Every structure is written in C-alpha cells, then in structure tokens.
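No experiment lies behind these values; they were computed from the predicted model shown. Reminder, nothing fancy here: chain letters follow the sequence lines and each chain counts from 1.
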2 protein chains.
Amino acid sequence: MARVGMTEVAARAGVSVTTVSHVLSGRRPVAESTRTRVLQVIEQLGYQPDTLARGLRTRRTMTVGLLVPDLTNPFYPMVLRGLNDVLVPAGYHAIVCDTDGTREQELAFLREMATRRVDGMVIAPFQLTRKDLLSHAKAVPLVRLGDGPLDADLGDLVSSGGEDGMAQMVRYLLERGSRRVAYIGGPRHTGPSDRREAGFHRALAEAGRVAGDDLVIRGGFTRDAGREAAEVLLNRADRPDAIACANDLIAIGVLDAARKLDLSVPGDLAVTGYDDIDAASLVTPALTTVVNPAREVGRACGEALLRRLTADGAEPYREVVIANSIVRRDSA
Amino acid sequence: MARVGMTEVAARAGVSVTTVSHVLSGRRPVAESTRTRVLQVIEQLGYQPDTLARGLRTRRTMTVGLLVPDLTNPFYPMVLRGLNDVLVPAGYHAIVCDTDGTREQELAFLREMATRRVDGMVIAPFQLTRKDLLSHAKAVPLVRLGDGPLDADLGDLVSSGGEDGMAQMVRYLLERGSRRVAYIGGPRHTGPSDRREAGFHRALAEAGRVAGDDLVIRGGFTRDAGREAAEVLLNRADRPDAIACANDLIAIGVLDAARKLDLSVPGDLAVTGYDDIDAASLVTPALTTVVNPAREVGRACGEALLRRLTADGAEPYREVVIANSIVRRDSA
DNA sequence: TTGAAAGCGGTACCAG
DNA sequence: CTGGTACCGCTTTCAA
C-alpha cells in the first residue's frame, strides 16, 4: 500500500508528470480529453498530492502558526475558530502553540515555526520583546493579537480595543457609585494587561481621580491569581468597593475571595471581568464584563494574514480594532 | 536577508554538505575541530534547517494531527496540553482540527492531514465510521480518543472508561434514593455518547430496573442541547427526579432548564455531569460529576503515538484506560 | 497542447 | 573521518 506519486499517475495516464501537475494546478491549459483521463487515474489510484514536496518547491507551506499563552483560557479556542473560519477555506491550516506564557516556550515555538517555514503567524505574545519579534517579522507575515503596542515593523495588529473597553467599564463603575475602584491585571509588560490598565487609569483621570499604587495589583491571568490578589486587596483596612479585572478568570477568582470573606457582590463589592467567556455567565453572581468577541478577533487575524499572504505588492501595515461592549449582569 | 542553506554553511566552513548534515544529526562521528567550526558558522549565519526538505527525504514530518469535535469544549484544550507535554519534547508539533462535529469536516480534515503527511493522528471522531478510518489507519498511526468501540485495526484507543464512569454515577444516584433517573446523551452513534449510555443502562439493569426509551434523550454535547432536552423531560407528567448527563455542558443546560421551571436542585431534581471541566465547579449548584482527567488522557495519547512512531518493530495494539472517579458536589 | 530537465534543501548511500 | 551524488515528490522554466 505504498503511496502513489505523480510519476505513477503520469505513467498510467500515458502523459508526463508536467501534464499531471498542470491538470492539478490549472496553471496552463490541458486538452479536455487528457484532463479527464488524468483525473480518472488520480481517482482510481487514490493519488494525493504531497503538500510538503509542493511546499519545498513553491516555498509555501500553507501552514500558519498560532501562538497563544494559554489555550485553557476559553478566549483562545474561540480565536482559533475564527482564524480557521477564514484560513481553512483558503487551504491553510494552523499549528497551535500553547506557551504557558513563559518566555522560553514562546521563543522555542517561534524558532520551531521558523524552521517549519510557516507562511505566517498570529501571535499573542506575553513575554516577547520587540527585538525577539523583529527578525521573525521580516521573515514571515506576523499578526499580533491583543492590545500590544503599535509598531509597524512588527506587522499587523488586531485588538479589541482593550484600553477603551476597560475605560468604559471603569466609567460605568464610577457612575454606578463606586468610590474606591481597584484594578487587578495580568503580568506586567504584557500587551493586553498594559493596555487595559491604561484604560483604567484614563477613566479615573477623566473623572478627576487617581488610583494609588495600592489599588493596582498585577498577577497572572488566572483564577488563582485573581483570588490571591483579591485577598490582599480585601484584607486591607480601606478596601476597595469595586474591582475591575483584566479578564474573566481573574474576576472569578475575586468572586471566590469575596465569598470566603463573606462580602456580598455587588453590595459590598462590585466586580467586573473582561472577555465574556462562557463561564462569565455561569458563575454566581453572573459577571458584568466587557465582551471581547473572540471569534471576530480570530477572523480579523485570519483576514489580515490572508491579505499579506496573497498580496501582490507590499500591503500597508494595518491595525484592526474590533469593537467591544459591556454586558451588564449581576456582579456590578 | 535570504535564508541561508546548508550549502552556504558548508562553503563557509570549508566542508561538504554531508558533514554539515552529520554534525546536525549526529548520525556519524565528526572530528571535534570541524564540528565546532561548523557549529560556529551555523550560529554566525543564523542557519536554520528546513524541516520540510528534511521531511521530504526522511518521510517524517514531525507533525501530528489532532482532530477534535469542538475545541470550545474545555475538555479538548486540556487534552492538547497533555499531548504536547509528551510530543513537543520529542520534537513533534500538532495541527489542531476543530471539526464542529460534522462529518464533512471530519473527512475533509482527515484528507488534509493525509496530504500533509502527518506522522500520526489522534482523533476524537464523532461521525466517522470504521470504514472512513480504515484507510487512514493503515497509512499512519492512529490513536482514537474517547470511548469508541474497540477495534484493533483502527489503532490504539485511549479512553477514560466512560461506561464504568457513568455506571458508577448512576449507581450513586440510585443509592442516593433517586427513583426515576433519566439520561441525556450526545449524538447517537458517537463513541463517548454510546459508551456512557451503555454504562447508564448497565447500572440500571444491575439494580433490577429498566429505563424506558422515554427516559433517554440524545442531542448534542452542548449547553443548549442540554437545556432543550431537559425541557422535554421535565415538562412531562411523570418527570424524572434525576438526570445523568453525558457531559458537563449538557448538565449545565439542564440546570438552566431547572431554574426556569423553578425546580430545586438537587431537591426536586438531581443532576450529574461528566468530564469535570472548570465550569462544573463554577455553576450553582456546583456539579456532581465524573472527573475525566483530560491532561492525563492527552498524555496517554501522546505516549501511545510516540510508541508507534519510534517503534522498531510493529508494536502491539493497545487500549489505555485512564481511571476516573466521581466528585460529589451540590447538584446530586 | 505537451515534455524534458533543473532544481527546492536536505539525507543517505557508496566511496575514499 | 570526510566527500560526491542520487534522490524525496513536486513545480516551473525552456523547448518542441
């Protein structure tokens, strides 16, 4: 049951491999009669072209890399769906790299993708610096996902307006009557975290307030990290009456902490998340959060990538911002 | 900034490509002095071997395919983690195919993976028949994930004992005093669903009972499907006092329905899930469920695959069952 | 409308 | 311990 190659197809059809290649690619006219004959043989032999060999020659692997910090965060699987929505119909497939948010793994995956000659990458980098990305960016189209810094050299950027989304949320908290609003973010210097934190500060500033450092804690983007941060915040004498979190997982952790301390939410403490993952509406109280349309974001990434991959000339750099909005539930 | 190839490295190091190849692969001794010289040039030029070209020659792509019905179901991302735990250190990477549980997509991905010459696949097939898989199984090592039928021709099987797990759960329900226990499953003829359903019937039979067809409903493995099925079940005159669900998502949907009908859980209705995804402990009441150790399952898949990929001779077919257990929370 | 042959970037066999 | 070279399976000039 060895695999059949083009040579065998050609032989059986009584034509040259060149012709077989062309009926497959349609890159040059082939007489209808030979065309059908070749097609028949292909069918009969169950011939399947070898993407690798083709890629070696054409320098296109039809593969893209998706690098995410934590596939366990439901946001990212949805992004992958969106990405596939646009990439798969175009013949591309994605290799998913779950880096666990560590710098070593991010770098390792980046290198791996380079040796695999992926045609492009969409990355949600956490620890990577501009310098880390630069060399890759010039080798293959890069789409950065998340609210990183703008930087044309690093390729397209698809974000969901994290700064605005968070600002909007904080404004809502203020209007609602919260007096001391705190912020729990992700790891420092990570795009999404920084941008959202900026939104937090901006909204406060616009309202003529300032959040002291004691009201901002940064940890991980996880439930545990959220709980721990909240415990610190809530055990202080002048505890906040609202906590805006950089994502839903963190907010769920805050809910855990509040429950443990017997604080009522939103009575004693208002809590807000970010992303609107499924779990946000499952917890009690249901989370008031910023909806981050993951699938749309993924689609936008795919479109951005595709644009570059199929571009004749050099496409101009783009930043795509997907609109987001607040969904009010019970936690604030 | 064109990519440098082995030829250039060889030239600059004053050796043949053969030697460069061998310092890289270590497949034959190279004088220490030349070795370091070559390594230096490689470093200096930033040479990166081309996995594709290598694969074309060696017939190994160092890539495996992971085919899942719904990456949005948190169970699968965890499986991927486990898979990567063992595959990535061995140099393999996974292409993730989210098929949405449709037969067309499952077939399409299977074909795609074949043309990409993946070295192996782990699949959680939903709609695929034995026949669909057979041709692939002889072309590349296959590991089936989930509680499908045993079938040596189709490669290894990694399951988490769905039949036993469900039987255990139903037994618990019975001991607990439930008198009419119903079952909500996934799509008919899908491995996980069928096996779990078998467990349900077995436990009932052992207790000298029989579940009429009216107590078994099959839908999708989603929250919505669960809600809909529950609505049917609960609006009947003699509604069940317990519902065992084929997964947590379904159970969460049942909870939705119960809330809408003002039924108290577990007072009026006991509800149990399966998988123990994060959300299971987030909902109110927290789900009593069967823990399906996703990461372990993923690891087992990886190990099974690796065994075949690195096997000298023909490894015997294996079935690996990962032990599972019940976690009792509030819903039953 | 069709073929022949030269690669793409490596590996591996056969010599030396 | 090191080279030369055929070849993996396909695409793509160049020539007919």
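- Dashed line: the shortest gap from a side-chain N or O of A/Arg35 to OP1 or OP2 of C/dT1 is not under 4.0 Å.
- Look at B/Thr58 and you won't find any side-chain N or O under 4.0 angstrom from OP1 or OP2 of C/dT11.
- For A/Arg57 and C/dG10, a side-chain-to-base donor-acceptor distance below 3.5 Å is absent, hydrogens and geometry of angles not being considered.
- Side chains of A/Val64 and A/Ile95 form no contact here, defined as non-hydrogen atoms less than 4.5 Å apart.
- For A/Leu52 and C/dG7, the CG to P distance is 22 Å, given to the nearest whole Å.
- Nearer the 5' end of DNA chain C, as judged by each residue's closest nucleotide, is the contact made by B/Asp50, out of B/Asp50 and B/Arg27.
- The distance between atom CG of A/Leu24 and atom P of D/dC10, rounded to the nearest whole Å, is 9 Å.
- If you check distances only, the side chain of B/Thr18 does reach the base of D/dG4 with a donor-acceptor pair under 3.5 Å.
- In this structure, A/Phe109 CZ and B/Asn84 CG are separated by 5.5 Å, a value rounded to the nearest 0.5 Å.
- Distance CD1 (A/Ile42) to C1' (D/dC10): 13 Å, rounded to an integer number of Å.
- Listed pair A/Thr19 / C/dG3 meets the phosphate criterion, a side-chain N or O lying under 4.0 Å from OP1 or OP2.
- The main-chain N or O of B/Thr61 is found under 3.5 Å from a side-chain atom of B/Asp119 such that the two form a donor-acceptor pair.
- A distance-only check finds a donor-acceptor pair linking the side chain of A/Thr36 to the backbone of A/Glu32 [under 3.5 Å].
- Between D/dG9 and B/Arg59, a contact under 4.0 Å exists linking OP1 or OP2 to a side-chain N or O.
- Put simply, CZ on A/Arg60 is 16 Å from C1' on D/dT12, counting in whole angstrom units.
- Atom pair A/Arg117:CZ and C/dG9:C1' shows a separation of 9 Å (rounding to whole Å applied).
- Taking the side chain of B/Arg54 as heavy atoms from C-beta on, and the options D/dG9, C/dT11, C/dA4, the nearest nucleotide is C/dT11.
- Whole-Å rounding puts the A/Arg116 CZ to C/dC8 C1' distance at 18 Å.
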Q | Derivation and outcome, side-chain contact (heavy atoms from CB on, under 4.5 Å), residues B/Asp156 and B/Arg144 | A | CA-CA 6 Å; B/Asp156 292 311; B/Arg144 278 169 308 135; over 6 Å; no
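- As rounded to whole Å, 15 Å separates atom P of C/dT2 from atom CE of A/Met6.
- Phosphate contact (OP1/OP2 of C/dT2, side-chain N/O of A/Thr34, threshold under 4.0 Å): present.
- Of all nucleotides listed (C/dT2, C/dG10, D/dG3), C/dG10 comes nearest to the side chain of B/Tyr47.
- In terms of position along DNA chain D, the nucleotide closest to B/Leu56 lies nearer the 5' end than the nucleotide closest to the other residue of the pair A/His22 and B/Leu56.
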